[in-house]
There are 2 protein chains.
Amino acid sequence: MRPRFPVPDWARRYDASLLGADVMAAVIVTVMLIPQSLAYAMLAGLPPETGLYASILPLVAYAQFGSSRVLAVGPVAVVSLMTASAVAPVLEAGLASAPAAALTLAALSGAVLVGMGLLRLGFLANFLSHPVISGFITASGLLIAAGQLRHILGVPAGGGTLPGIVAGLAEQIGAVNPATLAVGAGVLAFLWATRCCLKRGLVGLGLSAGLAGGIVRAAPVAAIAATILASAAFDLGARGVALVGEIPRGLPVPGLPPFAPDLVLALLPSAVLISVIGFVESVSVAQTLAAKRRERIRPDRELFGLGAANFAAAFTSGYPVTGGFARSVVNYEAGAQSPAAGIFTALGIALATLFLTPWLAGLPQATLAATIILAVLSLVDLPALRRTWRYSRPDFAAMLTTILVTLGLGVEQGITAGVLLSLALYLWRTSRPHSAVVGRVPGTGHFRNIERHQVITTPGVLALRVDESLYFANARFLEDRIAALVADRPGLRHVVLMCPAVNEIDASALESLEEINRRLSEAGIRFHLSEVKGPVMDRLHRSTFLSHLTGEVFLSQHEADCALAGDQPPEPQKLS
Amino acid sequence: MRPRFPVPDWARRYDASLLGADVMAAVIVTVMLIPQSLAYAMLAGLPPETGLYASILPLVAYAQFGSSRVLAVGPVAVVSLMTASAVAPVLEAGLASAPAAALTLAALSGAVLVGMGLLRLGFLANFLSHPVISGFITASGLLIAAGQLRHILGVPAGGGTLPGIVAGLAEQIGAVNPATLAVGAGVLAFLWATRCCLKRGLVGLGLSAGLAGGIVRAAPVAAIAATILASAAFDLGARGVALVGEIPRGLPVPGLPPFAPDLVLALLPSAVLISVIGFVESVSVAQTLAAKRRERIRPDRELFGLGAANFAAAFTSGYPVTGGFARSVVNYEAGAQSPAAGIFTALGIALATLFLTPWLAGLPQATLAATIILAVLSLVDLPALRRTWRYSRPDFAAMLTTILVTLGLGVEQGITAGVLLSLALYLWRTSRPHSAVVGRVPGTGHFRNIERHQVITTPGVLALRVDESLYFANARFLEDRIAALVADRPGLRHVVLMCPAVNEIDASALESLEEINRRLSEAGIRFHLSEVKGPVMDRLHRSTFLSHLTGEVFLSQHEADCALAGDQPPEPQKLS
């Protein structure tokens, strides 16, 4: 049986032992994915079956085009939240229904991801710094958890920002439904208890760690089964508990998403953000897991894999998908050996869609909300704020801004503010580089900061080391620094710029150097360079700077110091 | 006589010798400034007297608050063009008349400049790279010259972009007014001839270079006098030649600019751009001239000086002003010793406004247009494109983009595109830093790139030098680079990251280093650092990285090499 489409590498060397491992992993992931699919679809404001549909064909598409062997693709919390936030204004404007807008969003995400892959733009994800991502995920976790509280309390409050959600809940606090609260709080307590104590208890009873872990992971399924039974037994629906309701049975019918120009225009910015965030999340997970087995993933291939998965979601009634962290780790730990595990998972979800859905109608939404809350609270990492504060103030500022703007204004504003601020802070720091007047450490050829070390300076010679590449933003800074140093030293005859940390000199910095050279020359001072790197020197040779330079380019600062020490003024002066 | 307002430094030590020099310089600058003021007001689309008014009180205000001794403030070409482009949409929307909008624009510029000074934001100007400024000024020069052709041809064509201007002229080419063309072309030819040949000719006749230069600079005044006479003699007005017309006689009446909220909102973005561009232009000129006398200017004081000048313009019927290049050089060369020269120039212009204006009514606009064209063509520096191309492709790209967008879409779009592109290119370059596997140069303790030099490597040890600060945009790049190098070297036991060019390690890069350390450790490889700078090391001590590091931090790469050479694998392997 030879498929007619291109066969991925892993499929060529597939055998029975891999098959067994992959099927086992797929069963475990399927059990985990069923409640997650339903819950995240609810989080995205979509009908529950959308989550199941997004966990079938997209997984097959990723297996065909992605590069990670263990990444488990499907609906994830953060992307579901971003979907909800992207769809809301479209709904308000009446441009499309929520499921239809989600399809268009998935198709646009697929197009953006494939486009980035074709243009090799995967590197753009690097401009999301760790503190910004970490802050964004923490804030999203808090937002999601807060947003789900309404399902636990059984009140109709809404709101896409933390103040909005809190105000909505406060308004509705009198309308809490006791039966819903009982289910929600019960499931929350049960899930929390299994997480914190069950595994340890089971291992204490003599079970293997693997089996104990498996039982713990099945806890959400147990909660679902139990609350479905309770729902039927106590007729919870009649007591005002919101249920999942009838889910259409059967596989999704393929179809085209709507592509009205105003709808596309309204969703495109969100699609770009969802794509980039989804890509970054996926690649981090995939890279971490690949490294454990000394495998490598190819970020540009991942763009195609995720793009294909989103196209698949768009054409089979799903919504935007990406690689999930918890799910991929479970897949890895369960022993998945190849993307075939993803295909088998898709098969499992398809079977669930065909045969399990009638049982899910009685499931209380509060159960799903409790599942979501416990899942996303593990994303919240507030101690990271303290760690980042201790290590770097600019990084802390970017992280805090991302968290506050995400909570206060929304997810898209948060990530945008974080990226812009971290870029601005980086540019600001490089625009005022560290520089030091240096002198020779006695008995050596090493030159160090005169303010930190006991060093010898040569009269009439000023040696300045600048610790940054020279480019337009700091070129004038260097002019000012040298002008100030020269103004303080009347007997000066030589200025040496020591460049071991200068990785580049751009055209603006070159003009500044020309200007410094000219000004020093008018003041009777020669200007020298030392320890210029090969590539920087190559480029200087392509300009006329070296022919105007009044001084020399020395290979080492020591050489410069020896050469210039001989050129003493008629009446040697000690520098202050 | 003791003034009651704060007395600037220069005024405390003022004496008769300085007075003589300043008055002489002021006379020369006044003669130069009269035609320029009229011409630039016309370029800004404003009545001619606006230019004169903008050359009175603003000069006094700058003398009081600025820090340069020779900067000559007033209407300049580029800012006039930007004013025209900012006022056009306001006129179209019917929000205000052109002179009223120009007053609001000047007041906003003043507020932006003073605001930047209070917040010490002068450094923002550093983010305009030399190629972007140079490209912008070249493109503005071309735009201005093209825009003035309609006055030379005597046709009513308009247009704010090069294609628009060319199309307008092409449409109107049949309507050329022969008398206007005769005046315009005649003045152009006369001015061009005096520029290129007159000075050399006069010096050849035995005149001193200074006197010859003075005569050449008076050429525009001669052209004005001659065309006013011609206008009267041949009744050019009746032959369809556009004349300057009646100019109100007397000093400007102080008054408040309009501050309607929608007008302010519409002009604010333009005011920010005009302020920044004006500030950069002024500071470059002032710095260049100050350096010649080993004086210094203080950029943050300049913000207040220029801000005060713009406020003065706003309250006395002027329009946005800044320091002009040609004018300041003339002021400097004429021997101006202090800002008092500016005050005397203001006096000169005030006298002209009182007594000269009746004579100017008959002046053909074509004469002013010719003056402008010759002045701005000296701003156009197309060879800079070739120089920049040779030196640096990214700088060239930023410059060419600035030129093309300025010509094609307009001045504000051009400068914005240039700044954004140059920042993006800088970030892109630092996101993929140069790095090199290094080995020891035989017989030394120096380590160099194994691809450029004949060096010795130690089996089992990989030494990688990275030539850029480590920050979020390049952190993943480093992970990938090390993963790829390790994958190629099965016998590896040690990786040493050599950091002499690493000026900073931010939180994202720190996480990448932790990740690299963890991955290498899982593969049985130890990870070391060498030549880490003091400030970077200080910061690493504030994190937990050093306690997780499987290897050591060596002071020098040589030390690392010696220490690790002893740790050989059981069966030594030669590295490929």
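Chain letters run A, B, ... following the sequence lines, proteins first, then strands; residues in each count from 1. For the numbers below, each heavy atom of this structure counts, side chains included, while hydrogens, waters and symmetry mates do not.
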Please round to the nearest 0.5 Å and tell me the distance separating atom [atom1] of [X] and atom [atom2] of [Y].
{"X": "B:S469", "Y": "A:D467", "atom1": "OG", "atom2": "CG", "result": "9.0 Å"}
{"X": "B:T544", "Y": "A:R390", "atom1": "OG1", "atom2": "CZ", "result": "8.5 Å"}
{"X": "B:E514", "Y": "A:H130", "atom1": "CD", "atom2": "NE2", "result": "10.5 Å"}
{"X": "B:S431", "Y": "A:L124", "atom1": "OG", "atom2": "CG", "result": "9.0 Å"}

Contact leader toward chain B among [options], where contacts are heavy-atom pairs under 4.5 Å:
{"options": "A:S508, A:A125, A:G534", "result": "A:S508"}
{"options": "A:V502, A:V132, A:L128, A:D395", "result": "A:D395"}
{"options": "A:F123, A:F127, A:Y426, A:W428", "result": "A:Y426"}
{"options": "A:I133, A:I505, A:V283", "result": "A:I505"}
{"options": "A:S512, A:A475, A:P500, A:A507", "result": "A:A507"}

Chain A: which of B:S422, B:S134, B:P299, B:P433 shares the most heavy-atom pairs with it under 4.5 Å? B:S422
Can you tell me which of B:R387, B:H541, B:E504 forms the most heavy-atom pairs within a distance under 4.5 Å of chain A?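 The candidate making the most pairs under 4.5 Å is B:E504.
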Answer with side chain, backbone, both or neither: which region of B:L423 has an atom nearer than 4.5 Å to a non-hydrogen atom of chain A? both
If I measure from the heavy atoms of chain B, does [X] come under 4.5 Å with its side chain, its backbone, both, or neither?
{"X": "A:N126", "value": "both"}
{"X": "A:R452", "value": "side chain"}
{"X": "A:T430", "value": "side chain"}
{"X": "A:A509", "value": "neither"}
{"X": "A:R432", "value": "side chain"}
{"X": "A:Y471", "value": "side chain"}

Under 6.0 Å from the [atom1] atom of [X], do we count more than 12 heavy atoms belonging to anything else shown?
{"X": "A:R393", "atom1": "CZ", "result": "yes"}
{"X": "B:F325", "atom1": "CZ", "result": "no"}
{"X": "B:R448", "atom1": "CZ", "result": "no"}

Given 3.5 Å as the limit, does a donor-acceptor pair link the side chain of B:R539 with the main chain of A:Y391, or not?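 Yes, because the side chain of B:R539 sits within donor-acceptor range (under 3.5 Å) of the backbone of A:Y391.
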Passes side chain to side chain contact (heavy atoms under 4.5 Å, CB included), A:S129 versus B:E511? Steps please. CA-CA 10 Å; A:S129 75; B:E511 285 198 38; over 6 Å; no
